[in-house]
Chemist: 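Mind looking over this structure? Questions follow.
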Protein chains: 4
Amino acid sequence: MARKAGSNGIRTAAAIRRASLKLIHRHGFAAMSLRDLAAEVGVQPASLYNHIATKQALLFDLVRDHMEGLLTSTEAALAATPPEPLARIEAFMAHHLLYHFERKQEVYIANSELRALEGPNRARVLALRRRYERSLVSLLEAGERAGVVSTSDVKVAAFAILAALTGVCVWYKPSGRLTKEELVAIHTTLLMNGIRRRG
Amino acid sequence: MARKAGSNGIRTAAAIRRASLKLIHRHGFAAMSLRDLAAEVGVQPASLYNHIATKQALLFDLVRDHMEGLLTSTEAALAATPPEPLARIEAFMAHHLLYHFERKQEVYIANSELRALEGPNRARVLALRRRYERSLVSLLEAGERAGVVSTSDVKVAAFAILAALTGVCVWYKPSGRLTKEELVAIHTTLLMNGIRRRG
Amino acid sequence: MARKAGSNGIRTAAAIRRASLKLIHRHGFAAMSLRDLAAEVGVQPASLYNHIATKQALLFDLVRDHMEGLLTSTEAALAATPPEPLARIEAFMAHHLLYHFERKQEVYIANSELRALEGPNRARVLALRRRYERSLVSLLEAGERAGVVSTSDVKVAAFAILAALTGVCVWYKPSGRLTKEELVAIHTTLLMNGIRRRG
Amino acid sequence: MARKAGSNGIRTAAAIRRASLKLIHRHGFAAMSLRDLAAEVGVQPASLYNHIATKQALLFDLVRDHMEGLLTSTEAALAATPPEPLARIEAFMAHHLLYHFERKQEVYIANSELRALEGPNRARVLALRRRYERSLVSLLEAGERAGVVSTSDVKVAAFAILAALTGVCVWYKPSGRLTKEELVAIHTTLLMNGIRRRG
DNA sequence: CATGAATGAGACTTCATTCAT
DNA sequence: AATGAATGAAGTCTCATTCAT
C-alpha cells in the first residue's frame with residue numbers, strides 16, 4: 001500500500017539527491033564517500049540503499065536527469081524564438097547561461113564526472129551531450145547558409161562557444177560583482193562578435 | 001629479483017611522473033590508487049615512497065611544475081613579440097594553445113584536480129593561476145587603452161577567452177581532422193573578432 | 001499492489017517452507033539471505049516476519065519437523081514388521097532409504113546445518129537424532145543376542161550403516177540410472193552381508 | 001630481496017591456513033568472517049590480503065590441496081600393496097581412514113563446502129574427487145573380474161563404501177573409546193564382508 | 001497480511017602509508 | 001632503491017530485523 005503523500009521516503013530521496021550534488025561538486029565523485037553522503041542526509045549509510053541501487057547508479061541518474069532537463073528546456077526556449085538565425089543563436093547562448101547559473105553543481109558534475117561513469121552509462125550520457133552540441137552546430141550552419149554567420153569551422157566554433165559559456169558557470173556567484181543579465185550581455189556580445197559575418 | 005642495472009632511481013622517478021599524469025588524467029586523482037600507479041610503473045607500491053613523499057605531494061608537484069612552466073614559457077613568448085597590443089594578445093592565445101596541445105594531461109589535471117589539493121598547496125597553485133590570468137587581463141587593458149580592444153568587462157572577457165582556449169585541449173587529438181595550426185587560426189580569429197574594437 | 005485473493009497467509013507460510021528448504025539445501029543456511037528467500041517466495045523481506053520469528057527459528061522448525069517425522073514414520077514401519085531381528089534391521093534400512101529419497105533437501109539440511117543451530121536448539125535436535133541412532137543400535141543388539149548378527153562393535157556399525165545409507169541420498173536422482181527399489185536392494189544386500197553372522 | 005628463512009611471511013601464511021581450517025570446520029565457510037579469521041591468526045583483517053587473494057581463493061586452495069594430497073598419498077599406498085584385488089581394496093579402505101583421521105577438518109570441509117566454491121573452482125575440485133572415486137571403482141571391478149568380489153553395482157557400492165568410511169571421520173576423536181586401528185579393523189571387516197563373493 | 005523505509009552491525013576488500021630487510 | 005609484510009582507517013554494500021502504515 002502506498003505511503004502517505006510527502007512521506008519520508010520521498011523526502012529522503014530528494015535529500016539524497018541534493019546532498020550528493022553538493023558533495024560531488026565539492027569533492028568529486030570518487031572522493032565522496034557514501035558515509036559522508038549519509039551523514040549529510042542525516043541517515044545511516046545502509047538507508048541510502050532504500051533509494052539508490054548503487055553509488056554509480058546515483059551518479060548516472062544525476063547526470064542523465066540534468067542532461068535531459070537541459071535538452072528539454074533548450075528546445076522549449078528555441079521554440080519560443082523567432083526563426084531569424086542570429087536571434088536563435090543568441091537565444092541559445094542566453095538560455096545556456098541562465099539555465100546553468102541556476103544549476104552550477106549539475107553542470108560541473110555533468111562535465112567533470114563523465115569519466116566516473118562506467119561503460120554503458122557513459123555512452124548514454126555522451127549521446128545526450130552530443131545531441132546538445134549538434135543543436136548549436138545546426139544553428140551556426142543555418143546562420144552560415146543565411147550569410148549572417150562566418151566561422152572557419154562550425155564544429156570547432158561551437159565547441160569554443162560552449163567552453164566559454166560553460167566556463168563562466170564555474171566561477172559565477174550570485175553575490176558577485178556582475179548580475180546574471182550583465183554576464184549574459186557580456187558573453188553574447190563577445191561571442192556574437194566572434195562569429196558574425198562582417199561586411 | 002635483482003635490480004635491473006645502473007641508477008634506476010632517476011628513471012623510476014620519471015616513470016612515476018609519466019604514469020601518474022596518465023592515470024590521473026584518465027581516472028582522476030582520487031580514483032587513482034597508488035597500487036595502480038605502482039603497477040603502471042612496474043614497481044611495488046612501497047617503492048613509490050623512495051620517490052614521492054605522499055600522494056598529495058605528488059599531485060602538488062605535478063600541478064605546480066606545470067603552472068610554473070606555463071608562466072615561464074608565456075613570458076618568454078611575450079618577450080619575443082612586438083609591443084603592439086593586438087599582436088601581443090594574439091601571441092598569448094597562440095602560445096596558450098600550442099603549449100597546451102603538447103600537455104593535454106597536465107592542463108586537464110591542473111584544472112580539474114585543484115579541489116584535490118589540500119589547503120596551502122591549493123593556495124599556492126591558485127596564486128600561480130591568478131598570475132597567469134592577470135597577464136591576459138593586462139594585455140586586454142593595454143589594448144583598451146590603445147583603443148584597439150573593446151570588451152564590456154576585461155576580467156570577464158579574459159576568463160571567457162581562457163575557457164574557450166582551454167576547452168579545445170580537452171578534445172584535441174593529433175590524429176584529428178584539423179592541425180594544431182588550423183585550430184590556432186580558428187580560435188584566434190574567433191576570439192580576436194570577439195574583442196577587437198569596431199570602427 | 002493489492003493482495004492476490006483469499007487467505008494467502010497459509011499459502012505464504014508453505015511457500016516459505018518450500019523455498020527455504022530449496023535455498024538452504026543449495027547454498028547452506030548461512031549463505032541463504034532472507035532477501036533471497038523473500039525473492040524466491042515472491043514477497044518483501046519484511047513480510048517473512050509475519051510467518052517466522054527469526055531466521056534461526058525457521059531453521060530449527062525445519063530440522064525438528066524433519067526429525068520428528070522420521071522418528072514417527074520409522075516407528076510405524078517397524079511396528080508393521082515381524083519381530084525377526086534380521087527382518088527388522090532390513091526394514092529399518094529400507095525405510096531409511098525410501099523416506100529420505102523423498103526428502104533429499106531435509107536430510108541434507110538436518111545433517112549439515114546442525115552447527116548453525118544455536119545452543120538449546122542444537123541440543124534438542126541432537127536428542128532426536130540420538131534417539132534415531134539408538135533405535136538402530138537396539139535392532140543390531142537384538143540381532144547379536146539372537147545370534148544372527150555379528151559386528152565388532154554395534155555402535156560403530158550403526159554409524160557406518162547410517163553413513164552409507166544417508167550418503168546415497170546426496171547423489172540420488174529420480175531420473176538416474178537405478179530405481180529407488182534397486183538402490184534399496186543394492187544397499188541392504190551390501191550392508192546385511194556386512195553384519196550377518198557367518199556359519 | 002627474499003626475506004630471511006622462517007620469516008613472518010611464511011609463518012603467517014601457515015597460521016592463516018591452520019586457523020581457517022579450524023574455523024571453517026567449526027562454523028562453515030559462509031559463517032566464518034575474515035575478521036574472525038584475522039583475530040584467530042593474531043593479525044589485522046587487512047593483513048590477510050598479503051597472503052590470500054580472496055576469501056573464495058583461500059577456500060579453493062585448502063580444498064584443492066587436500067584433494068591432491070589425498071590422491072598422491074593413495075597412489076603411493078596402493079603402489080606399496082601386492083596386486084591381489086582383495087588386499088588392494090582393503091588397503092584402500094585402511095588408507096582412507098588413516099589419512100582422514102589425521103585430517104578431520106579437511107575432509108569435512110572438502111565434502112561440505114563444495115557448494116561454496118564458485119563455478120570453475122568447483123569444477124576443478126569435482127574432477128579431483130571423481131578421480132578418487134574412480135580409483136575405488138577400478139579396484140572393485142578388478143575384484144569382480146578375479147571372481148573375489150560381488151556387488152550388485154560397483155559404482156553404487158563404491159559410493160556406499162566411501163560414505164561409510166568418511167562418515168566415521170565426522171565423529172572420530174583421538175580420545176574416544178576405540179583406537180584408530182580398531183576403527184580400521186571394524187570398518188574393513190564390515191565392508192569387506194559386504195562385498196566379498198560368497199562360496 | 002504485506003510493505004517501504006529505517007537501522008546497527010558487520011560483510012569483504014582496498015586504501016595510503018610504514019618499516020625492517 | 002626496492003620490497004614483503006603489516007596496519008588502521010575507510011571503502012561500498014548486505015545483513016537480519018523492526019515498525020508505522
Side-chain angles (χ1 to χ4, degrees), chain A residues 1-4 7-13 30-38 43-56, chain B residues 1-4 6-13 30 32-38 42-56 58, chain C residues 1-4 6-13 30 32-38 42-56 58, chain D residues 1-4 7-13 30-38 43-56:
Chain A
M1 301 294 128
R3 297 288 297 268
K4 271 223 205 96
S7 81
N8 261 12
I10 287 174
R11 248 181 268 154
T12 304
M32 173 193 74
S33 85
L34 294 188
R35 271 160 162 59
D36 295 345
L37 177 57
V43 108
Q44 292 301 117
S47 302
L48 295 176
Y49 286 86
N50 288 316
H51 306 278
I52 68 171
T54 254
K55 198 192 178 197
Q56 168 74 201
Chain B
M1 302 290 125
R3 293 266 306 297
K4 291 285 162 54
S7 99
N8 256 358
I10 283 177
R11 246 178 275 159
T12 302
M32 173 195 72
S33 81
L34 293 190
R35 274 163 165 66
D36 294 344
L37 177 57
V43 106
Q44 290 305 115
S47 303
L48 295 176
Y49 286 86
N50 288 316
H51 305 277
I52 68 173
T54 258
K55 199 193 177 196
Q56 168 74 203
L58 168 62
Chain C
M1 301 288 125
R3 293 267 306 296
K4 290 289 163 53
S7 99
N8 256 358
I10 285 178
R11 246 177 275 159
T12 303
M32 174 193 73
S33 81
L34 293 189
R35 275 163 166 64
D36 295 344
L37 178 56
V43 106
Q44 291 304 117
S47 304
L48 296 175
Y49 286 87
N50 289 315
H51 306 276
I52 69 173
T54 259
K55 198 193 177 194
Q56 168 74 204
L58 168 62
Chain D
M1 300 294 131
R3 297 285 298 268
K4 272 225 205 93
S7 81
N8 260 11
I10 286 173
R11 246 180 270 154
T12 304
M32 172 193 73
S33 83
L34 294 189
R35 273 161 163 57
D36 295 345
L37 177 56
V43 107
Q44 292 301 116
S47 302
L48 297 175
Y49 286 85
N50 288 317
H51 305 277
I52 68 171
T54 253
K55 198 193 178 196
Q56 168 75 203

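Letters go in sequence order (proteins before strands), and every chain restarts at 1.
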Chemist: Under 4.0 Å from OP1 or OP2 of F/dA6: is there any side-chain N or O of D/Q44 that close?
Modeler: no
Chemist: Near DNA chain F, counting only heavy atoms under 4.0 Å, which residues of residues 46-53 of chain D show up?
Modeler: D/A46, D/S47, D/N50, D/H51
Chemist: Donor-acceptor pairs under 3.5 Å, side chain of residues 47-56 of chain A to any protein atom, not counting sequence neighbours: which ones?
Modeler:
from, atom 1, to, atom 2, distance (Å)
A/K55, NZ, A/F29, O, 2.9
A/K55, NZ, A/M32, O, 3.0
A/Q56, OE1, A/E118, N, 2.8
A/Q56, OE1, A/N121, ND2, 3.2
A/Q56, NE2, A/A116, O, 3.0

Chemist: Is the shortest side-chain N/O distance from C/T54 to OP1 or OP2 of F/dT17 below 4.0 Å?
Modeler: yes
Chemist: Within the pair C/T12 and E/dC1, is there a side-chain N or O less than 4.0 Å away from OP1 or OP2?
Modeler: no
Chemist: Here's a test of your reading of the structure: between A/P45 and B/M32, which maps to the more 5' nucleotide of DNA chain E?
Modeler: A/P45
Chemist: May I ask you to evaluate whether C/S33 reaches the phosphate of F/dC15, defined as a side-chain N or O under 4.0 Å from OP1 or OP2?
Modeler: yes
Chemist: Quick one: A/K55 NZ to F/dT12 C1', roughly how many Å, whole number?
Modeler: 8 Å
Chemist: To the nearest Å, give me how far apart CG (B/L37) and P (E/dA16) are.
Modeler: 9 Å
Chemist: Between E/dC15 and B/R35, is there an OP1 or OP2 to side-chain N/O distance shorter than 4.0 Å?
Modeler: yes
Chemist: Identify, between B/Q56 and D/L34, the residue whose nearest nucleotide on DNA chain E lies closer to the 5' end.
Modeler: D/L34
Chemist: Can you give me the dot-bracket string for DNA chain E, 5' to 3', counting Watson-Crick and G-U wobble pairs with both distances under 3.5 Å, using [ ] for crossing pairs and | for partners on another strand?
Modeler: .||||||||||||||||||||
Chemist: Return whichever of C/D36 or A/A30 has its heavy-atom-nearest nucleotide of DNA chain F closer to the 5' end.
Modeler: A/A30
Chemist: Can you name the residues that form a side chain to side chain contact (heavy atoms under 4.5 Å, CB included) with A/A46, not counting sequence neighbours?
Modeler: none
